[in-house]
Amino acid sequence: MQQPMLETYQLTYGTPTGRILQKDLTLSIYSGQLLLITGSNGCGKSTLLRTILGENTHYWGHVSINVPNSRKVYLPQLENTEIHLPLTLLDVLTISQSRKLSEESVLRFGLLKEEHLGIAWNSASGGERKRTLLTRALMQNPSMMIFDEPMNHLDRKSRAAMISVMASFLKEQPDRSIVMVCHQGLKPEERTLFDVTTLDLDRGTDAEDPCSN
Amino acid sequence: MLELISLYGWTIVAGCLASPTLALIGTQLAARDRAMQTLCVSQGALVGVLLGLGLFQPFDIPVLTSVGPMALALFFSGTTFLLTDKWVASRAASKNTLFAVLFVGLLSCGYLISSIFPALENHLAQVYFGDLATLTEGDSQRAIFLSLIALFFIQRNWMGFSNESFEWALFGCPPSTNSASSRWGFRLLSLLTLSVSVQYVGFLFTVSMLFVPTGLLSLSRRCGLKRHLVSSAILAVLSSGLGFLVSLRFTRMPTVPTIVAALILASTVFLLTERVFDDAWAKFRKHVTWWVDLRKHQSATQS
């Protein structure tokens, strides 16, 4: 029998101040699947991700990720996007690999073009930054990617590019899965690209995607 | 002048090696938004140095008066670091205010220690404002040795450190894939360098070299990590050497404040030169493009 890549059993979690956000969550995600977490503001979507990652210790119940730390990539919401270091987008990718990169190795993911690489991180648009971060995540060849609101503030073209790359990521190799918090959910045409399990924290597991109507 | 240079040879080399080490560490600390925390940690090291001097100087054993203050500086800076790191980890909204409170507390503590041990009165000004000219040959050689080790470590790991800084700045947490040893590597390097630097070259030199080059160079219009790191290190070395030589030539000028003034001046000149050159280059490119377009238009009209 296939072992789940992520599993929770009767998980109850909350904030450090003791506010309970969700009770008795039970779910299993297998390789090839996308877990889509939706729900209203403050229902605990980001806290669930932090609980899964072991960063939030205010929980009861069982959580396990059967993926080693080095094969797991987490992209949180971008709170503070300006940085002191004058990095170019290519620098961001280079330092994540700790070695000099050829342009081809960066461009092969199809998210960035040659003219993007010299742009300063601090002057890049939100979409360019997210494409860079996704490229950076893919370069680490992860088994599990965990995203917190990756589609926020993206135009239609950037969103389509991100979705397409995520779908190829799951299809290329069997031992991969994605956990994604997405406030707006996925559009019907986007859902067809994935084997999706939706967790609406307002309603429960396998609820209808808010975008699919 | 040449005699003076040969007399202070080891000291000049010590200053020229300590400055890029501090500048490169400061770039990473600034990227992690740790400038205020670093001020507290440096002040903690200073309290340790003063206490060490006060406690061990009466014994008049050279090893004890050198190693004792360093060990206490490490203990105090380490404790300050662990305490302040909790505030950073909890993402306290008022963490900068807490840092200011701690800084003032440690500042008073330093002055209190110097009052308890009257022999420290002369040392207080020296530890704060530094005086490279009073460094002994042995101290200079120890500082050179430790700076070389730190520079080697930084050269080997600059990409990893920068990646960690990037993730701290962006996500507020260190890379999830980093091992504990890798996470602690930079912290230990900074703590050791800060403690040794405060003891040998003083608080002012340490803090200036940490944040002046990277702070002023962040105003540059150009981008590129390697360029920023190399420029910060070169400016730190040049101003250390230049400032020290100026203070040797004009004996009324204190060494460290002269070095700091040279650093600010050199960084400003560097930025202005770069800006003038960039503007001139942009104008030149604009003219060339206009001329090429004109020629194309003329040849198209003729044909």
Side-chain angles (χ1 to χ4, degrees), chain A residues 16-17 46 49-50 52-56 65 67-101 117-124 129-130 132-133 136-137 139-148, chain B residues 24 26-35 38 89-93 155-180 182-183 185 210-211 213-232 271 274:
Chain A
T17 52
S46 300
L49 291 191
R50 290 210 304 277
I52 289 170
L53 287 160
E55 283 180 18
N56 175 35
I65 297 189
V67 176
N69 260 352
S70 58
R71 303 292 309 275
K72 195 171 66 188
V73 170
Y74 171 49
L75 289 188
Q77 285 190 57
L78 297 182
E79 291 165 11
N80 172 24
T81 52
E82 297 265 314
I83 54 169
H84 171 82
L85 293 174
L87 298 170
T88 61
L89 299 187
L90 181 61
D91 281 336
V92 172
L93 301 170
T94 306
I95 58 175
S96 74
Q97 297 296 300
S98 285
R99 64 187 161 87
K100 204 176 175 191
L101 298 172
L117 301 180
I119 297 176
W121 172 269
N122 287 341
S123 61
R129 288 176 187 176
K130 283 193 174 164
T132 309
L133 290 180
R136 186 174 176 272
M139 290 175 84
Q140 290 168 27
N141 189 27
S143 289
M144 181 181 275
M145 294 212 281
I146 302 170
F147 297 114
D148 196 351
Chain B
L24 292 171
T27 303
Q28 305 294 341
L29 289 170
R32 296 166 197 216
D33 196 18
R34 300 297 181 101
T38 309
S90 65
R91 300 177 195 186
Q155 196 277 327
R156 299 273 297 186
N157 297 290
W158 68 274
M159 282 198 190
F161 290 160
S162 304
N163 189 44
E164 213 176 296
S165 301
F166 176 75
E167 297 212 357
W168 267 111
L170 215 61
F171 310 139
C173 56
S176 50
T177 50
N178 268 17
S179 62
S182 151
R183 282 188 201 188
L210 281 171
F211 299 119
T214 189
L216 288 177
L217 288 181
S218 70
L219 301 173
S220 168
R221 287 179 191 161
R222 296 188 191 176
C223 60
L225 176 64
K226 218 171 181 176
R227 193 190 149 276
H228 182 83
L229 294 175
V230 171
S231 313
S232 301
L271 282 174
E274 189 185 83

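No hydrogens, no waters, no symmetry mates; every other heavy atom, side chains included, goes into these values. Letters A, B, ... are given to chains in the order of the sequence lines, protein chains preceding strands, and every chain is numbered from 1. For clarity, every value in this text was computed on a predicted model and none was experimentally measured.
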May I ask you to test the [X]-[Y] pair for a side-chain heavy-atom distance under 4.5 Å?
{"X": "L85(A)", "Y": "F166(B)", "result": "no"}
{"X": "H84(A)", "Y": "D33(B)", "result": "no"}
{"X": "L170(B)", "Y": "L133(A)", "result": "yes"}

In Å and rounded to the nearest 0.5 Å, what is the CH2 to CD1 distance from W158(B) to I95(A)? 8.5 Å
To the closest 0.5 Å, what do you measure between CD1 (I83(A)) and OG (S218(B))? 12.0 Å
S123(A) versus chain B, the contacting section by heavy-atom distance below 4.5 Å: neither
With a 4.5 Å cut-off on heavy-atom pairs, point out which of T88(A), D91(A), N122(A) contacts chain B the most. D91(A)
Given heavy-atom pairs under 4.5 angstrom as the criterion, report whether the side chain, backbone, both or neither of R222(B) touches chain A. backbone
Contacting region of S220(B) [heavy-atom separation from chain A under 4.5 Å]: neither
Set of residues satisfying side-chain hydrogen bond (donor to acceptor under 3.5 Å, both in side chains) with respect to T17(A), sequence neighbours excluded: T15(A)
Heavy-atom closest contact (C223(B) atom, A120(A) atom, distance): SG-CB, 3.7 Å
Note: M159(B) and R99(A) closest approach over all heavy atoms is SD-N, 3.4 Å
Residues in ring-ring contact (aromatic ring centres under 6.0 Å, His included) with F147(A), at least two apart? none
